[in-house]
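Because only heavy atoms are used, hydrogens play no part in the values below, and waters and symmetry mates are left out as well, while side chains stay in. In this chain, numbering begins with 1 at the start of the sequence shown.
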Amino acid sequence: MNELFDVEVEEKDRRKGAFAWFHKKKISGAKALAIGAASIVALSAPVVIFASRNNSPLASSETTVLSGDYVTTTTLDGESTTSLVSGSGKKTMNGKVPGLVLPIRGSAPTGTTSTTLVADGSSTSTSVVAPPAPPIVLSPSTTGAVPTTTTTIAPGSISRTISFASTSAVKTYGDTPFTVSASVSIGIGDITYASSNSNVCTIDAVSGQVSIVGTGSCEISASIPASGTYAAANTLVPVSVTVNKASLTITASSAYIAYSPRLYVVTASYKGFVNGDDSSVLTTLPTCVVLIPGGFDISSVGRHTYATSCSGAVAPNYDISYVGGLLSVSNWS
């Protein structure tokens with residue numbers, strides 16, 4: 001047994017003897033009060049000495065004497081209480097005495113311990129220990145942090161558009177080349193151009209330069225391949241190009257002859273060929289003749305001048321107009 005247990009046993013034995021003596025002597029109330037107080041002080045001396053020896057902190061002590069019996073309450077740092085009860089009647093005395101520090105092997109949560117001791121020596125002790133503090137859950141601090149979301153974008157999944165600033169053009173066969181330009185709404189990539197009718201217009205796929213090679217209509221479109229996360233795109237509205245025919249003038253020849261106007265061969269001359277064309281582009285050559293109405297010339301003076309003309313020529317890329325000529329005969333007979 002340790003020293004503390006021996007002190008507690010000795011104190012209990014002294015208190016039992018005091019109770020028996022009071023009971024046998026049947027001392028009056030006033031004397032009992034004085035004797036009881038002195039006995040309590042005497043009985044508590046070993047505990048005080050032991051506590052002092054252990055350098056214990058001071059504790060509050062409250063003593064209540066009931067008709068020769070008493071109750072002692074001792075509080076150490078507000079944590080434990082000891083009561084001794086017997087008889088009836090009440091008188092209370094408060095004071096400060098050194099507290100009792102029990103040997104401990106480790107730290108435990110703060111709790112409350114109550115012990116009740118009655119005159120017959122039986123005791124009931126109830127201890128209540130405060131539950132441990134709840135665990136502390138630490139959560140990451142987001143103070144000053146910027147939430148970020150990582151999103152994986154599949155290659156070519158972002159749609160985009162490609163368009164022309166102007167979607168119409170009117171040209172004439174023989175006009176100089178012109179350039180179209182498309183732009184993409186987002187992302188980068190190489191834009192490629194194409195013509196819907198290479199018989200009317202051809203285009204440089206990279207530069208977008210358009211050359212007129214025929215009359216009619218064509219459409220210029222543009223496309224861009226997929227690039228990184230951006231999808232491929234094609235123009236929804238192409239450039240509509242209209243090419244009109246060039247003007248070609250065919251003129252019948254004029255001449256001065258001496259005899260036989262019917263034997264004269266009228267020739268045609270051309271004005272208005274473009275793009276290096278010549279009469280070879282005519283799908284039908286013109287018919288040129290000397291006009292002799294009713295066998296007579298059309299001259300009003302001397303009746304020796306005749307008209308010449310051409311007609312019937314066909315050229316896909318030209319609007320053809322005609323100019324007549326004059327045939328003069330000096331010796332008509």
Side-chain angles (χ1 to χ4, degrees), residues 156 158-228 230-254 265-289 308-325:
I158 300 178
S159 60
R160 51 183 176 169
T161 60
I162 184 171
S163 58
F164 292 101
S166 177
T167 56
S168 64
V170 178
K171 300 294 180 179
T172 299
Y173 180 73
D175 283 353
T176 58
F178 66 99
T179 302
V180 295
S181 179
S183 59
V184 64
S185 61
I186 190 172
I188 59 174
D190 296 327
I191 298 176
T192 303
Y193 300 93
S195 170
S196 64
N197 187 351
S198 59
N199 293 323
V200 175
C201 52
T202 59
I203 187 169
D204 188 301
V206 177
S207 68
Q209 185 179 71
V210 181
S211 298
I212 303 299
V213 296
T215 58
S217 62
C218 67
E219 291 183 343
I220 303 299
S221 61
S223 62
I224 188 170
S227 177
Y230 299 106
N234 296 295
T235 48
L236 298 178
V237 181
V239 177
S240 179
V241 181
T242 300
V243 180
N244 297 321
K245 292 182 177 182
S247 295
L248 178 65
T249 301
I250 299 176
T251 302
S253 62
S254 298
V265 178
V266 181
T267 60
S269 63
Y270 305 93
K271 183 180 181 178
F273 283 122
V274 295
N275 291 348
D277 293 344
D278 55 24
S279 60
S280 64
V281 300
L282 299 174
T283 55
T284 301
L285 294 175
T287 299
C288 299
V289 296
T308 61
S309 69
C310 294
S311 63
V314 177
N317 297 320
Y318 295 92
D319 280 330
I320 301 173
S321 61
Y322 299 92
V323 176

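Between the CG atom in Asn197 and the CD atom in Glu219 there is a gap of 10.0 Å [rounded to 0.5 Å]. Interatomic distance, CG of Asn275 versus OG of Ser211, reported as 9.0 Å (0.5 Å rounding). In this structure, the separation between CG on Leu285 and OG on Ser280 is 10.0 Å, given to the nearest 0.5 Å. Note that the CD1 atom of Ile162 and the CD1 atom of Ile191 stand 4.0 Å from one another [nearest 0.5 Å]. Atom CG in Asp190 sits 7.5 Å away from atom CD1 in Ile224 (nearest 0.5 Å).
Put simply, the side chain of Asn244 reaches to within 4.5 Å of the side chain of Val170, judged on heavy atoms. Using a 4.5 Å heavy-atom cutoff, the side chains of Val323 and Thr249 are in contact. Proximity of Cys288 to Thr308: side-chain heavy atoms (C-beta onward) are nowhere separated by under 4.5 Å. Side-chain contact check for Gln209 versus Ile203: every heavy-atom pair is 4.5 Å or farther apart.
Put simply, the side chain of Arg160 never gets that close to the backbone of Ala233: no donor and acceptor are under 3.5 Å apart. Formation of a donor-acceptor pair under 3.5 Å by the Thr215 side chain with backbone atoms of Lys245 is not found in this model. Of the possible donor and acceptor atoms, one in the side chain of Thr235 sits under 3.5 Å from a partner among the backbone N and O of Ala222. Side chain of Thr284 to main chain of Val314: no donor-acceptor pair is present (N/O by atom type, distance under 3.5 Å, no hydrogens or angles). With hydrogens and angles ignored, the 3.5 Å screen pairs no side-chain donor or acceptor of Tyr230 with any backbone N or O of Pro225.
Side-chain polar atoms of Thr242 and Ser217 form no donor-acceptor pair below 3.5 angstrom.
The two residues Ser159 and Ala231 come nearest to each other via the heavy atoms CA-CB, 4.1 Å. For Leu236 against Pro238, the heavy-atom pair with the smallest separation is O-CD, 3.7 Å. The nearest pair of heavy atoms linking Tyr322 to Cys310 is CD2-O, 3.0 Å. Residue Ala268 comes nearest to Ile250 through the heavy atom pair CB-CG2, 3.5 Å, listed as atom of the first residue, atom of the second, then distance. Considering all non-hydrogen atoms of both residues, Thr172 and Ile212 come closest at O-CG2, 4.4 Å. The shortest non-hydrogen separation linking Asn234 to Ser223 is OD1-CB, 2.9 Å.
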Val237 vs Ser163, side chain to side chain contact (heavy atoms under 4.5 Å, CB included): CA-CA, chis, key distance, verdict: CA-CA 7 Å; Val237 181; Ser163 58; over 6 Å; no

Would you sort out whether Val241 and Ile220 count as a side chain to side chain contact (heavy atoms under 4.5 Å, CB included), showing the intermediate values? CA-CA 8 Å; Val241 181; Ile220 303 299; 4.1 Å; yes

Could you walk me through whether Val206 and Tyr193 satisfy the side chain to side chain contact (heavy atoms under 4.5 Å, CB included) test, starting with their C-alpha distance in whole Å, then the side-chain angles of each, then the deciding distance to 0.1 Å, before giving a yes or no? CA-CA 7 Å; Val206 177; Tyr193 300 93; over 6 Å; no

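Partners of Tyr318 by ring-ring contact (aromatic ring centres under 6.0 Å, His included), not counting sequence neighbours, listed by chain and number: Tyr173, Phe273. Take Thr161 and apply the side chain to side chain contact (heavy atoms under 4.5 Å, CB included) test, not counting sequence neighbours, and it matches Ser185.
Dense packing is recorded around CG of Asp278, with more than 12 heavy atoms of other residues, nucleotides or ligands lying under 6.0 Å away.
Of the candidates Ile320, Leu282, Val281, Thr251, Tyr270 forms a side-chain contact (heavy atoms from CB on, under 4.5 Å) with just one, namely Leu282.
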